[in-house]
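Presented below is the structure to which this report refers.
Side chains are part of it too, since the values below use all heavy atoms of this structure and drop only hydrogens, waters and symmetry mates.
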Amino acid sequence: MKYGFKALLAGVALLGAAAGFTSGAIAADGKLVAVTHGQANDPFWSVVKNGVTAAAKDMNITVDYRAPETFDMVAMSQLIDAAVNQKPAGIIVSIPDASALGPAIKKAVAAGIPVISINSGSDVSKELGALLHVGQDEYSAGKAAGEKLKQLGGKKGICVNQEVGNVSLDLRCKGFADGFGGSSTVLPVSNDPTEIRAKVKASLSSDSAIDTIMALGAGTAGEPSVAAVNDVGKTGKIHVATFDLSADFLKAVSEGKADFAIDQQQFLQGYLPVVFLANYAKYGLIPGGNVPSGPNLITKDKAAQVVELSAKGIR
């Protein structure tokens, strides 16, 4: 059943003491703001945004989605500050760099604005004052991927990192290295798929011992990595896996050109916080802890099942 979000905020004052904020800091229009570090050309974040949009429709509320044009922590911090100044009913935020974003997030909490973190920052979310975190443990997911690739026979690998300095992506590579157990190095790249394809191809051409590629984003790095393997004529001979999903990478998995994708169900990372904050305002209800949205390994036997949903921007 739909409800008017404006009316819900009248009850927030009754929850102030227990919830740690007062209704005086909440705007009358009941708007939520989501601020993430996701770049516009990254298909992963378009799915997160789709989740936010779907939840806003289901909850019959307004949610503004904002992100810097590049991976820029100064710009992201400024976006959070701007959101705080508008006094929304709640803020949803990713935390790729706690030292850079922490002051802005703490300012939101101090202003009495409930905050939920998503995607990155599960290790710092609580200490910054967020109500909870929706996402996956990146190190554990990377380690699980590394262990699986080791089981498949991998001995020398590269971890293709398109955002070196993003704590979550760095943890993925560290987890991969620890789980893989063999020789592995980080290949720093930009967020440009064309550059990634060229750099992965160069790595494979310069070192024939590389037999494993761990990409950190399906559309951004996974697909270019599959293309690079094909460029050097080693399709089926080099193991390729990626974090997250895209229709084309899932097709590669189903065709045996890649091994698996790690699904963290980012649609839920956008969807659930909106629902949680709406119900928090209405009833004072919130989950008692962080909500893990992944990881789930999508292998060849599962890939075809989720291609259609991935193409629709849900998986």
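- Side-chain contact between Leu187 and Thr185 is absent, with no heavy atoms from C-beta onward closer than 4.5 Å.
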Quick one: do Leu32 and Val274 satisfy side-chain contact (heavy atoms from CB on, under 4.5 Å)? Show the steps, please. CA-CA 8 Å; Leu32 303 180; Val274 175; 4.1 Å; yes
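- Under the ring-ring contact (aromatic ring centres under 6.0 Å, His included) criterion, Phe176 pairs with Phe180, not counting sequence neighbours.
- No side-chain heavy atom of His37 sits under 4.5 Å from any side-chain heavy atom of Leu101.
- Tracing side-chain contacts under 4.5 Å through hydrophobic residues (I, L, V, M, F, W, Y), one never reaches Ile210 starting from Leu216; they form parts of separate clusters.
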Apply side-chain contact (heavy atoms from CB on, under 4.5 Å) to the pair Asp58 and Tyr271, showing each step before the final yes or no. CA-CA 10 Å; Asp58 289 347; Tyr271 188 91; 2.7 Å; yes
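- Among residue pairs with one or both ends in residues 265-315, none qualify as disulfide (SG to SG under 2.5 Å); sequence neighbours excluded.
- The closest side-chain heavy-atom distance from Phe243 to Met214 is below 4.5 Å.
- Applying side chain to side chain contact (heavy atoms under 4.5 Å, CB included) to Val52 and the options Thr36, Ile118, Val63, Val47 leaves one that passes, Val63.
- A donor and an acceptor atom, one from each side chain of Gln162 and Thr220, are nowhere located under 3.5 Å apart.
- Listed by chain and number, the residues in a side-chain contact (heavy atoms from CB on, under 4.5 Å) with Ala215 are Ala221, Ser225, Thr242 (sequence neighbours excluded).
- Taking a 6.0 Å sphere around CD of Glu195, one finds it holds more than 12 heavy atoms contributed by other residues, nucleotides or ligands.
- Taking the side chain as every heavy atom from C-beta outward, Leu79 and Pro68 approach each other to under 4.5 Å.
- At least one side-chain heavy atom of Val232 sits less than 4.5 Å from a side-chain heavy atom of Lys201.
- Proximity of Phe44 to Gln264: side-chain heavy atoms (C-beta onward) are separated by under 4.5 Å at one or more points.
- The distance from atom NZ of Lys49 to atom CD of Gln266, rounded to the nearest 0.5 Å, is 15.0 Å.
- Both Val275 and Ile314 are assigned to one and the same hydrophobic cluster, defined by single-linkage of ILVMFWY side chains at heavy-atom distances under 4.5 Å.
- There is a side-chain donor-acceptor pair under 3.5 Å between Thr299 and Asp301.
- The two residues Ala218 and Pro224 come nearest to each other via the heavy atoms O-CD, 4.4 Å.
- The two atoms that bring Gly135 and Gln269 nearest to each other are CA-NE2, 3.8 Å, heavy atoms only.
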May I have the list of side-chain donor-acceptor pairs in residues 148-155 shorter than 3.5 Å, sequence neighbours left out?
none

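- At distances below 3.5 Å, at least one donor-acceptor pair connects side-chain atoms of Ser46 with backbone N or O atoms of Pro43.
- Listed for the Ser206 side chain is a donor-acceptor partner under 3.5 Å among the backbone atoms of Ala202.
- Counting only residues at least two apart or on different chains, the salt bridge (charged side-chain N to carboxylate O under 4.0 Å, His left out) pairs with a member in residues 223-245 are Arg172-Asp244, Arg197-Asp231.
- Residues Tyr280 and Pro114 approach most closely at CE2-CB, 3.9 Å, considering heavy atoms.
- Between the Glu147 side chain and the Gly179 main chain, no donor and acceptor come within less than 3.5 Å of each other.
- No side-chain heavy atom of Pro292 sits less than 4.5 Å from a side-chain heavy atom of Asp137.
- Tracing side-chain contacts under 4.5 Å through hydrophobic residues (I, L, V, M, F, W, Y), one reaches Val109 starting from Val124; they form part of the same cluster.
- Atom CG of Asp263 sits about 9.5 Å away from atom NZ of Lys302, to the nearest 0.5 Å.
- Note on Lys174 versus Asp170: no salt bridge recorded, every NZ/NE/NH1/NH2 to OD/OE distance being 4.0 Å or above.
- In plain terms, the two heavy atoms of Ser94 and Met76 that are nearest each other are O-CE, 3.0 Å.
- The CD1 atom of Ile95 sits 5.0 Å away from atom CG of Leu128, with the distance rounded to the nearest 0.5 Å.
- Interatomic distance, OG of Ser168 versus CG of Asn119, reported as 6.0 Å (0.5 Å rounding).
- Legend: ring pair (Phe, Tyr, Trp, His ring centres under 6.0 Å) pairs involving residues 80-139, not counting sequence neighbours: none detected.
- The nearest pair of heavy atoms linking Val186 to Asn161 is CG1-CB, 3.9 Å.
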CA sep, side-chain torsions, deciding dist, call: Phe276, Leu131, side-chain contact (heavy atoms from CB on, under 4.5 Å): CA-CA 10 Å; Phe276 292 159; Leu131 296 173; over 6 Å; no
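- Hydrophobic cluster membership differs between Val307 and Val253, with clusters built from Ile, Leu, Val, Met, Phe, Trp and Tyr side chains linked at under 4.5 angstrom.
- Val229 and Phe260 are not part of a single hydrophobic cluster, where members link through side-chain heavy atoms under 4.5 Å apart.
- Between the CG atom of Asp123 and the CG atom of Asn290 there is a distance of 10.0 Å, given to the nearest 0.5 Å.
- Going from atom NZ of Lys156 over to atom CG of Asp211 covers 9.5 Å, rounded to the nearest 0.5 Å.
- When side chains are defined from C-beta on, Ile116 counts as touching Ile286, because their heavy atoms get closer than 4.5 Å.
- Proximity of a side-chain donor or acceptor of Ser254 to a complementary backbone N or O of Lys251 within less than 3.5 Å is detected.
- Nearest heavy atoms, Asn50 versus Gly313: ND2-O, 3.0 Å.
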